[in-house]
Asker: 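What follows is a single structure, and I will ask about it in a moment.
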There are 4 protein chains.
Amino acid sequence: MPKLGMGPIRRRQLIDAAIASIHEYGLADTTVARIARKAGVSPGIVHHYFTGKDDLLFETMRQLLADLRADVVARYASARGPFERLNSVINACFGDVQFSPEVVAAWLGLYGTARQSERLQAILTIYHRRLRSNLVSDLRALVPPQEAARIAEGIAAMIDGLWVRYALMGGVDDPLIPRTLTRDYLTAALAQFDNKKKTR
Amino acid sequence: MPKLGMGPIRRRQLIDAAIASIHEYGLADTTVARIARKAGVSPGIVHHYFTGKDDLLFETMRQLLADLRADVVARYASARGPFERLNSVINACFGDVQFSPEVVAAWLGLYGTARQSERLQAILTIYHRRLRSNLVSDLRALVPPQEAARIAEGIAAMIDGLWVRYALMGGVDDPLIPRTLTRDYLTAALAQFDNKKKTR
Amino acid sequence: MPKLGMGPIRRRQLIDAAIASIHEYGLADTTVARIARKAGVSPGIVHHYFTGKDDLLFETMRQLLADLRADVVARYASARGPFERLNSVINACFGDVQFSPEVVAAWLGLYGTARQSERLQAILTIYHRRLRSNLVSDLRALVPPQEAARIAEGIAAMIDGLWVRYALMGGVDDPLIPRTLTRDYLTAALAQFDNKKKTR
Amino acid sequence: MPKLGMGPIRRRQLIDAAIASIHEYGLADTTVARIARKAGVSPGIVHHYFTGKDDLLFETMRQLLADLRADVVARYASARGPFERLNSVINACFGDVQFSPEVVAAWLGLYGTARQSERLQAILTIYHRRLRSNLVSDLRALVPPQEAARIAEGIAAMIDGLWVRYALMGGVDDPLIPRTLTRDYLTAALAQFDNKKKTR
DNA sequence: AATGAATGAGCCTTCATTCAT
DNA sequence: TATGAATGAAGGCTCATTCAT
């Protein structure tokens, strides 16, 4: 929990510096000293604004989640109808932010660390639940609940799978490719359902 | 004469111990001492059989890749035709081995570390290329090259996405679910192509 | 604000502790922990003020050179004429400082290590060049250049030879002995030249 | 003490390998493993022929002394009269062997280590005493005892001083230089005495 | 609020030595 | 005699954390 009034600016500086350090050195080689240097402050300051290194890193990962959520919400604002809302999610997950080297490094670092920490694990759990619930929510406006759950599962896997493949392979040349593949999957799934309906 | 031929045995012991340690403590908190203790040997012996900790960890990750490959190859043996071969890949990727906590921990650790090491990066690159080439190879017997590439991309993403989601959420209750979802995706993609063909 | 200006103080403390450790344990058995203990600080602090052990040891050896130089310069201040200046050098090289067990241990340690390190080698090179140039400079006021070079070579050898013999034999009972022997060599060399001149 | 009959060949192999290692890595970085590798044997063998590493190193240093002695004795054989015998000593001390990089490295290593070990110290003590006694013995045939002692002291210092300077500066271009300087010192000292005698 | 000096635990690695074979 | 596997004790160094200022 952020200690309000105690300097949200410093906190954000340090979180950004942490992300920068994870990008440059990797999570394993990210030290308090390196974060502080990148933030242009002294190493000791970290313990004024965070319980310790783990806390700063936790808040850093939470920021990733918050940024992604904010991006989705922003895109929702201009979306008309459930299909466009689904696209908002897809586009946010494959947006420039999510494929930036810094963010990629941080997420992948989280992947490799979450198992050892309940708090970090929780961040990923929230991410997964939220993604699924966002998808299901809009899919239910298009197909029956059971179908919605199944399709949401598939799209979520598609999103994570394409992201992780591109992330691990060192970025993506054309960000349209994962979007297109995922959207094709979505439209195919919806079409398949429509066909079933017609057949009946 | 000292005990001869201890090399391969000790090496394998240490690799297994490394995996066990990554499972129990996480990659970041896996130390040479812990690996050695799990292997029941002294810490110094590690440098008898490996250049150093990094080397042991690299070989450990390489073992993951080799084990997966061996699993696929074994399943290929009893596969009849391209469709069954595609299923061999899917089943191997979602086999009990790949979802065992030890293997999950190791792969996820690799995800979070590969960016910092060319050698580790290479392991993931080989994994990705091999998966894709395996899929494309059999899909070409069923659909035209261009379609094969597109479908392979989708299946690979599906495999990685489902695996990573289940892996991060702490394993999978029913290993049939990811297999079914992926196979549905495959059959749908093939069916879609057949429809196109018929329509023409 | 933390304690300011601790840098130079700690650095000198550690250098002195290093010399003390070399004296007590020998250069080969001088460890960071031992140096720190002698300095009354924690082992980790060494890397706050020096790049590492090698750096501290290098600075330690450099201090030897600086101390010797300072001693010579101080004696120069009260020297009248070239002959007295030559004696200043001789007296400094055979002063109490240079025969103190700590300084002896450090110089001898340097002798045995310099071959493996360019930086340490450089210290000895500077010492040798400086000694020779000091001698030559004053001898030129007494004899022709060529003679000056030859005599300087001889005196330098005399100084190093007597020092090393006494150093290796565990110090010197009467520091006047090496001084006298060297001064005799000097006066004999000068007399020899004067004789030549007269003969001509 | 060499264990006779237990393999003097192996012992000598190991001593030579030790010298080679001291030359290549320095005394501080000379390990049992490196010595063994240079000797083409297994690391464990060292403890069959020597009490341990220290013992091997001690015997190595003792070999240096023995080699120098043998060289002097060999030159004595063809020397006619005390003056030539004195030259034998000078020539041996400045012979190719004593200026070879391997021998230089070993002697300098001994310089830096002797203070920590009585046994090693003893080697240097023997060297110093022997050199002095050799010189005095022959000088007594030329000058009165008191003069002989003084001149011997000077020549010994000259020998050690020139050797150490050339050794530390990375070898000697012309081995004649130190010989000439020392011989000049000797002849000058003898001439000086003759003059005194004549004057009287 | 902020600094950076200082601590001390822990890690990777090296190495002399031992020992079963 | 000879091997090289194996041990276990340090050693140098890093680093999160604390604290006087």
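Here is how names work: the chains are called A, B, and so on, in the same order as the sequence lines, proteins then strands, and each is numbered from 1. Small disclaimer: the values here were computed from a predicted structure and weren't measured.
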Asker: Would a distance-only check, ignoring hydrogens and angles, find a side-chain to backbone donor-acceptor pair under 3.5 Å from C/Ser21 to C/Ala17?
Answerer: no
Asker: Would you indicate what C/Tyr49 reaches in the nucleic acid, counting non-hydrogen atoms under 4.0 angstrom: base, sugar-phosphate, or nothing?
Answerer: sugar-phosphate
Asker: Treating primed atoms plus P, OP1 and OP2 as sugar-phosphate and everything else as base, which nucleotides of nucleotides 11-18 of chain E get B, S or - for protein heavy atoms under 4.0 Å?
Answerer: SSBBSSBB
Asker: Please compare D/Val41 and B/Val41 by the position of their nearest nucleotide in DNA chain F and report the one closer to 5'.
Answerer: D/Val41
Asker: Would you confirm whether D/Arg119, through its side chain, and D/Phe58, through its main-chain N or O, come within 3.5 Å as a donor-acceptor pair?
Answerer: no
Asker: Using the side-chain contact (heavy atoms from CB on, under 4.5 Å) definition, which of the options A/Thr60, A/Ile9, A/Val41, A/Val32 pairs with A/Leu14?
Answerer: A/Val41
Asker: Take the protein atom CG of A/Asp55 and the nucleotide atom C1' of F/dA16, then report the distance between them rounded to whole Å.
Answerer: 14 Å
Asker: Taking all heavy atoms of B/Leu64 and all of B/Ala106, pick out the closest pair and write down the distance.
Answerer: CD1-CB, 3.5 Å
Asker: Between E/dA6 atom C1' and C/Ile35 atom CD1, what is the distance in whole Å?
Answerer: 17 Å
Asker: Nearest whole Å is fine: how far is E/dT7 P from C/Arg37 CZ?
Answerer: 14 Å
Asker: So which atom in B/Leu68 and which in B/Trp107 form the shortest heavy-atom distance, rounded to 0.1 Å?
Answerer: CD2-CZ2, 4.5 Å
Asker: Quick check: are there more than 12 heavy atoms from other residues, nucleotides or ligands sitting under 6.0 Å from CZ of C/Arg62?
Answerer: no
Asker: Using a 3.5 Å distance criterion without hydrogens, assess whether the side chain of C/Arg34 forms a donor-acceptor pair with backbone atoms of C/Asp29.
Answerer: yes
Asker: Between A/Arg115 and B/His23, do the side chains contain a donor N or O and an acceptor N or O under 3.5 Å apart?
Answerer: yes
Asker: Report yes if a donor N or O on one partner sits less than 3.5 Å from an acceptor N or O on the other, where the partners are the side chain of A/His48 and the base of E/dA1; otherwise report no.
Answerer: no
Asker: Is there a salt bridge (charged side-chain N to carboxylate O under 4.0 Å, His left out) between B/Lys38 and B/Glu24? Walk through the geometry before answering.
Answerer: CA-CA 11 Å; B/Lys38 277 206 180 293; B/Glu24 183 169 345; 2.5 Å; yes
Asker: Mind listing the closest non-hydrogen atom pair of B/Ile15 and B/Phe50 along with its distance?
Answerer: CG1-CZ, 4.1 Å
Asker: Counting runs of three or more consecutive pairs, Watson-Crick or G-U wobble, with each distance below 3.5 Å, where are the stems of DNA chain E?
Answerer: E:2-21 with F:2-21
Asker: Hey, can you pull the residues of residues 11-24 of chain C with a non-hydrogen atom under 4.0 angstrom from DNA chain F?
Answerer: none
Asker: Between P on F/dG12 and CZ on C/Phe50, what's the gap in Å once rounded to a whole number?
Answerer: 15 Å
